[in-house]
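Contents: one structure, followed by commentary.
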Amino acid sequence: GQNIDQPTEMTATEGAIVQINCTYQTSGFNGLFWYQQHAGEAPTFLSYNVLDGLEEKGRFSSFLSRSKGYSYLLLKELQMKDSASYLCAVRDQVRGSYIPTFGRGTSLIVHP
Amino acid sequence: DGGITQSPKYLFRKEGQNVTLSCEQNLNHDAMYWYRQDPGQGLRLIYYSQIVNDFQKGDIAEGYSVSREKKESFPLTVTSAQKNPTAFYLCASSWNTGELFFGEGSRLTVL
């Protein structure tokens, strides 16, 4: 199994930059995902990291350090619509299968 | 269009009743999953299936059952043995090593 830790809540100002951290402990790491979830809706995929380094996709970037068991999601030029929960999910090997396990999520509040 | 469909979106159940949540995908994905989400919580894995006619328990399988008779379908039954079934249920599918695609979710409330 694994232990995934994220901050419960963060606040930021419209137009600013925010970094959401995720730390994990796992025995058979096979990738880390970030998802965005608006209240009452299904999660939507943001990014995937399996190798160390930074993956950039528009206003969103995700970083991974496998040796440190650490990832972050960086959101630039924040917009009000970015107010949502951000879920970190780690995929590791469980009984021969690769299963994603989710952290509790970080609720991001963007204010004007 | 390809996607994953859950139904019903809202469901009310009396105590002691079994209910079945439907999940259908036309993405030709091998793997399908059921997660449960409680307020302010992350997603917890109930059951998953990597291939037709095979499925495995997740972290919180007690009180739930599933079947995988077709590649496209992975229904979840919430039985009366599940003591606290009120939650938001999410079905997902993926290629075995790919990202998860989620349905819109089913919100179950026990009256």
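Quick caveat, the model's predicted, so the values are computed rather than measured. Numbers restart at 1 for each chain; the letters A, B, ... are given by sequence-line order, proteins then strands.
- Placement of A:Met10 and A:Tyr86 within a single hydrophobic cluster is found when ILVMFWY residues are connected by side-chain heavy-atom separations under 4.5 Å, directly or transitively.
- Looking at B:Gln6, neither its backbone nor its side chain comes within 4.5 Å of chain A, counting heavy atoms on both sides.
- Applying a 4.5 Å heavy-atom cutoff, none of the residues of residues 51-58 of chain A approach chain B.
- In plain terms, the two heavy atoms of B:Tyr33 and A:Pro100 that are nearest each other are CE2-CD, 3.9 Å.
- The number of heavy-atom neighbours closer than 6.0 Å to CZ of A:Arg104, taken from other residues, nucleotides and ligands shown, is 12 or below.
- Atom CZ of B:Phe102 and atom CZ of A:Phe45 lie 11.5 Å apart (nearest 0.5 Å).
- For chain A, the nearby part of B:Glu104 is the backbone; its heavy atoms alone come within less than 4.5 Å.
- Within 6.0 Å of CG on B:Leu27 lie more than 12 heavy atoms contributed by other residues, nucleotides or ligands.
- Follow the hydrophobic side-chain contacts under 4.5 Å out from B:Tyr47 and you reach B:Leu108 in the same cluster.
- By the criterion of side-chain heavy atoms lying less than 4.5 angstrom apart, applied directly or through intervening Ile, Leu, Val, Met, Phe, Trp or Tyr residues, A:Tyr72 is not grouped with A:Leu64; the two fall into different hydrophobic clusters.
- In this structure, no portion of B:Arg44 lies under 4.5 Å from any heavy atom of chain A.
- Going from atom CZ of A:Phe102 over to atom CG of B:Leu90 covers 9.0 Å, rounded to the nearest 0.5 Å.
- Taking a 6.0 Å sphere around CD of B:Gln41, one finds it holds more than 12 heavy atoms contributed by other residues, nucleotides or ligands.
- Taking 4.5 Å as the limit, some side-chain heavy atom of B:Leu43 sits within range of a side-chain heavy atom of A:Pro43.
- Taking CD from B:Glu99 and CG from A:Leu46, the interatomic distance works out to 10.5 Å, rounded to the nearest 0.5 Å.
- Residues A:Phe60 and A:Phe63 are members of separate hydrophobic clusters, defined by side-chain heavy-atom contacts under 4.5 angstrom among Ile, Leu, Val, Met, Phe, Trp and Tyr.
- No single ILVMFWY cluster, assembled from side-chain heavy atoms under 4.5 Å apart, contains both B:Tyr64 and B:Tyr48.
- Heavy atoms closer than 4.5 Å to chain A are found in the side chain of B:Leu45, but not in its backbone.
- The interface of residues 29-39 of chain A with chain B, defined by heavy-atom distances below 4.5 Å, comprises A:Phe33, A:Tyr35, A:Gln37.
- What you find for B:Gly103 and A:Ala42 is that their closest heavy atoms are O-CB, 2.9 Å.
- Residue with the most contacts toward chain A among B:Gly105, B:Ala31, B:Gly42: B:Gly42 (heavy-atom pairs, distance under 4.5 Å).
- Within a 6.0 Å sphere centred on CD of A:Glu77, heavy atoms belonging to other residues, nucleotides or ligands number 12 at most.
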